[in-house]
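A quick write-up on the structure given underneath.
Residues: numbered from 1 along the sequence shown.
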Amino acid sequence: MNHLNPKELIPESENSLKEPVLLNVGTTEAVPGCDEHCASEGSVRKSHHSEKTKNNLVTRLNRIEGQIRGIKGLIEKDTYCDDVITQISATQAALNSVAKLLLEGHMKSCVVERIQEGDHEVVDELLVTIQRLMKK
């Protein structure tokens with residue numbers, strides 16, 4: 001199974017928008033409740049997951065999106081800084097919970113499958129992913 005290294009897709013120097021870029025690889029799509037294990041279609045890795053799981057994650061992300069809009073409104077209304085920071089902290093916690101669910105599903109399906117196939121490079125990839133999550 002060929003897997004892309006996420007770092008090879010869009011080098012930071014080529015990201016002219018200087019904004020986060022979601023890539024269709026590894027951890028950006030691995031979610032708990034996969035109907036099937038992560039699959040490789042050509043050189044793009046994908047996860048297959050149930051509609052229930054997708055709906056759960058999308059619902060959570062929609063709430064987070066609303067929280068972000070709320071924070072923007074607080075800033076526009078000159079709300080007391082500590083109150084804004086509290087809302088930012090709550091939003092970060094919600095986003096972290098989505099990341100934890102994605103990581104759990106990734107480990108239980110994609111990582112296990114790749115190890116069973118003899119692809120032990122996935123362990124290094126997983127360590128990098130965990131390090132990224134812990135930086136935040």
Fill in: Which residues share a side-chain contact (heavy atoms from CB on, under 4.5 Å) with Val98, sequence neighbours left out
Leu57, Arg60, Leu61, Ile64, Leu102
Worksheet item: Checking side-chain contact (heavy atoms from CB on, under 4.5 Å) for the pair Leu103/Leu126: CA distance, chi angles, key distance, verdict?
Response: CA-CA 9 Å; Leu103 181 61; Leu126 180 61; 3.7 Å; yes
Fill in: For the student: nearest non-hydrogen atoms of His120 and Ile115, plus distance
CE1-CG2, 3.9 Å
Worksheet entry | Stepwise salt bridge (Lys or Arg N to Asp or Glu O under 4.0 Å) check, Glu125 with Arg114 | CA-CA 11 Å; Glu125 177 186 293; Arg114 286 177 59 188; 3.3 Å; yes
Practice prompt. Flag yes if Val123 and Met134 sit in one hydrophobic cluster, no otherwise; membership is Ile, Leu, Val, Met, Phe, Trp, Tyr, and two members link when side-chain heavy atoms are under 4.5 Å apart.
Written response: yes
Item to complete: Indicate yes or no: at least one non-hydrogen side-chain atom of Lys54 is less than 4.5 angstrom from one of Glu51.
Response: yes
Worksheet item: Do His106 and Val111 have side chains that get closer than 4.5 Å, going by heavy atoms?
Response: yes
List the atom pairs, donor and acceptor, that lie under 3.5 Å between side-chain atoms in residues 71-94 and the rest of the protein, sequence neighbours left out.
from  : atom 1 : to    : atom 2 : distance (Å)
Thr79 : OG1    : Leu74 : O      : 2.9
Thr86 : OG1    : Asp82 : O      : 2.9
Thr91 : OG1    : Gln87 : O      : 2.9

Worksheet, complete the sentence: To the nearest 0.5 Å, atom CG of Leu95 lies from atom CD of Gln67 at 9.5 Å
Worksheet entry | Glu104 vs Lys108, salt bridge (Lys or Arg N to Asp or Glu O under 4.0 Å): CA-CA, chis, key distance, verdict | CA-CA 6 Å; Glu104 178 184 349; Lys108 287 181 176 179; 2.8 Å; yes
